[in-house]
*Asks:* 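My questions all concern the structure below.
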Amino acid sequence: MFEIFKKAHLQPLTTSINTDLKTVLSSLSATPLQRVLAAVALANNDSEEAMHTLREILKSATATPANDESLVPLFFSIINFCRIVTTNPEIEISEADKIETLVRCLAQYNFIFDHYTSDDGLLQAKAWPSILTPEDPLLEIAAQQNGLPDLLTNTLFIRATAELIKAGGIYKLNIAPLIEGNELMIYCFNEKYWNENTGNYQRDSWLTASSKQFFHLTGLLPLYAKIPTQDKAEAMLQHLLHPRYLENDGMPAYFCAAWLQTDQPHSTGPIQPLLNWLLAIGLRNYDFVVTADQVKSETLALIQKHGYYNAFTNTGEIWSGKNNEPCAETVAVEVLFEQYLRH
């Protein structure tokens, strides 16, 4: 199905993307995240099949996610189904089907909030889809700190809740508990992850109190969920603009991670197109359009040069990790960047 990926750098990448992504929608071998991202990319072109896929994913999840890894595609499904039905009144879904699906999303929210929220008021997930866990320089350390960092999981849940509040209000559903729950989660998120000394969110809460402060690109992803205030967002932007944090002529898409101390060598991890797409949308949420456009153009340049890999190095080469293979997620990301909608 993905033979085209191996030759992607030899031809324009968009020549047969739509056909490939349509194949992903019904593929038995595709992962839930691949199907969701393919559906999101195609749904923006009013694809009836894509919207059907989003509804089927939400329907099959019932009220109990199968495992922690299923949370990420579930949140992407909720975010984008709600966003599409609230911004595209012409979409070919009946009013009854919209309401039925939104009710399912509410059931998902209630289950997750009740069963995954820990004492600190945030979700505690122990696993992510494999595409989000390549050979990251912090994962070995994080494994000693009671599991993977959960900043990304909580960011997506907060964004999914906000979209569900918006859609639920339009379709007259009871969203009062969601409003209260989301306000609480944003407060707890800022308490747990924001580091006033470094002016960014620390991806791992234990790093907030560490003497060795670490900056990682995922610490900027709360922009995607509109979690920080404008003042916080301005401080976060400086991490992409400050020359000492950048090693490649100030190109944000090439930056991944660095210790924030002058006596520490830069430690870089994989650059992932999927996370760069979330970052670009987040930057646009705060009207940092120039930087967002730069992330977009440089990410697309990496894909154009090398093909549909899920990670690249900070010098713009293919990441050599064992899990880095051509993938459908990056195909979808290219389409989403080309559409560049305000998500």
Side-chain angles (χ1 to χ4, degrees), residues 63-76 78-79 105-129 132-133 136 138-165 175-229 231-233 235-236 239 257 260 275 278-279 282 285:
T64 55
N67 50 52
D68 286 5
E69 288 189 29
S70 68
L71 291 176
V72 171
L74 172 62
F75 294 156
F76 273 125
I78 294 174
I79 289 167
C105 292
L106 284 172
Q108 296 283 7
Y109 168 86
N110 290 330
F111 178 86
I112 292 167
F113 193 85
D114 291 343
H115 290 80
Y116 278 84
T117 305
S118 58
D119 292 340
D120 62 9
L122 296 170
L123 303 187
Q124 185 64 46
K126 297 295 184 182
W128 292 343
L132 297 175
T133 55
D136 191 303
L138 270 191
L139 286 184
E140 184 176 344
I141 303 173
Q144 303 169 14
Q145 302 289 333
N146 301 317
L148 289 170
D150 54 8
L151 183 150
L152 178 59
T153 308
N154 282 283
T155 295
L156 293 177
F157 186 54
I158 290 171
R159 177 63 190 267
T161 306
E163 294 294 342
L164 191 51
I165 289 170
I175 57 172
L178 278 71
I179 296 174
E180 182 178 350
N182 208 38
E183 290 175 350
L184 175 62
M185 287 200 71
I186 291 174
Y187 172 82
C188 292
F189 190 100
N190 280 295
E191 287 291 305
K192 181 174 182 179
Y193 291 116
W194 179 253
N195 187 304
E196 194 65 40
N197 294 326
T198 58
N200 67 286
Y201 291 92
Q202 289 294 343
R203 189 190 69 169
D204 311 79
S205 60
W206 55 271
L207 280 169
T208 305
S210 171
S211 60
K212 295 182 178 181
Q213 296 301 338
F214 190 84
F215 174 72
H216 194 281
L217 189 63
T218 51
L220 298 179
L221 294 184
L223 295 169
Y224 174 74
K226 304 179 184 178
I227 293 171
T229 62
D231 287 344
K232 280 187 170 73
M236 295 163 69
H239 288 283
L260 300 185
L275 297 187
L278 296 178
L279 172 61
N285 285 340

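Note that the numbering runs from 1 along the sequence shown for the chain.
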*Asks:* Relative to Y224, does R159 satisfy both conditions: NZ or CZ under 6.0 angstrom from the six-membered ring centre, and within 45 degrees of the ring's axis?
*Replies:* yes
*Asks:* So, do K232 and N190 sit near enough that their side-chain heavy atoms are less than 4.5 Å apart?
*Replies:*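 Answer yes - side chains close enough.
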*Asks:* What is the minimum heavy-atom distance between G219 and P222, and which atoms define it?
*Replies:*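 Heavy atoms of G219 and P222 come nearest at O-CD, 3.5 Å.
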*Asks:* Evaluate the criterion side chain to side chain contact (heavy atoms under 4.5 Å, CB included) for residue pair L278 and L275; output intermediate values, then yes/no.
*Replies:* CA-CA 5 Å; L278 296 178; L275 297 187; 4.3 Å; yes
*Asks:* How many angstroms lie between CG in L221 and CD1 in I227, if you round to the nearest 0.5 Å?
*Replies:*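 Here the rounded value is 9.5 Å.
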*Asks:* If you measure only the distance, is there a donor-acceptor pair under 3.5 Å linking the side chains of T229 and D231?
*Replies:*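 Their side chains do not contain a donor-acceptor pair, so the 3.5 Å distance test is not met.
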*Asks:* When rounded to the nearest 0.5 angstrom, what distance separates CG in L122 from OH in Y116?
*Replies:*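 That separation rounds to 15.0 Å.
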*Asks:* Going by heavy atoms in the side chains, are L71 and L156 under 4.5 Å from each other?
*Replies:* no
*Asks:* I'd like to check F75 versus E163 (side-chain heavy atoms, cut-off strictly below 4.5 Å). Are they in contact?
*Replies:* no
*Asks:* About how many Å separate CG of L178 and OG1 of T161, when rounded to the nearest 0.5 Å?
*Replies:*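 The CG atom of L178 is 6.0 Å from OG1 of T161, to the nearest 0.5 Å.
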*Asks:* Check whether any side-chain heavy atom of E191 sits under 4.5 Å from a side-chain heavy atom of D120, and report yes or no.
*Replies:* no
*Asks:* Which heavy atom of I158 sits nearest a heavy atom of A225, and at what distance?
*Replies:* CG2-CB, 4.3 Å
*Asks:* Should P228 and Y201 count as side-chain neighbours, where that means a heavy-atom distance under 4.5 Å?
*Replies:* yes
*Asks:* Please report the shortest heavy-atom distance between A235 and W194, naming the atom on each side.
*Replies:* CB-CH2, 4.4 Å
*Asks:* How long is the straight-line distance from CZ of F157 back to CD1 of I112, given to the nearest 0.5 Å?
*Replies:* 5.5 Å
*Asks:* To the nearest 0.5 Å, how far apart are CD in E183 and CD1 in I165?
*Replies:*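 Between atom CD of E183 and atom CD1 of I165 there are 8.0 Å.
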*Asks:* Drop me the distance from N110's CG to H115's NE2, to the nearest 0.5 angstrom.
*Replies:*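 Between N110 CG and H115 NE2, I get 10.5 Å after rounding to 0.5 Å.
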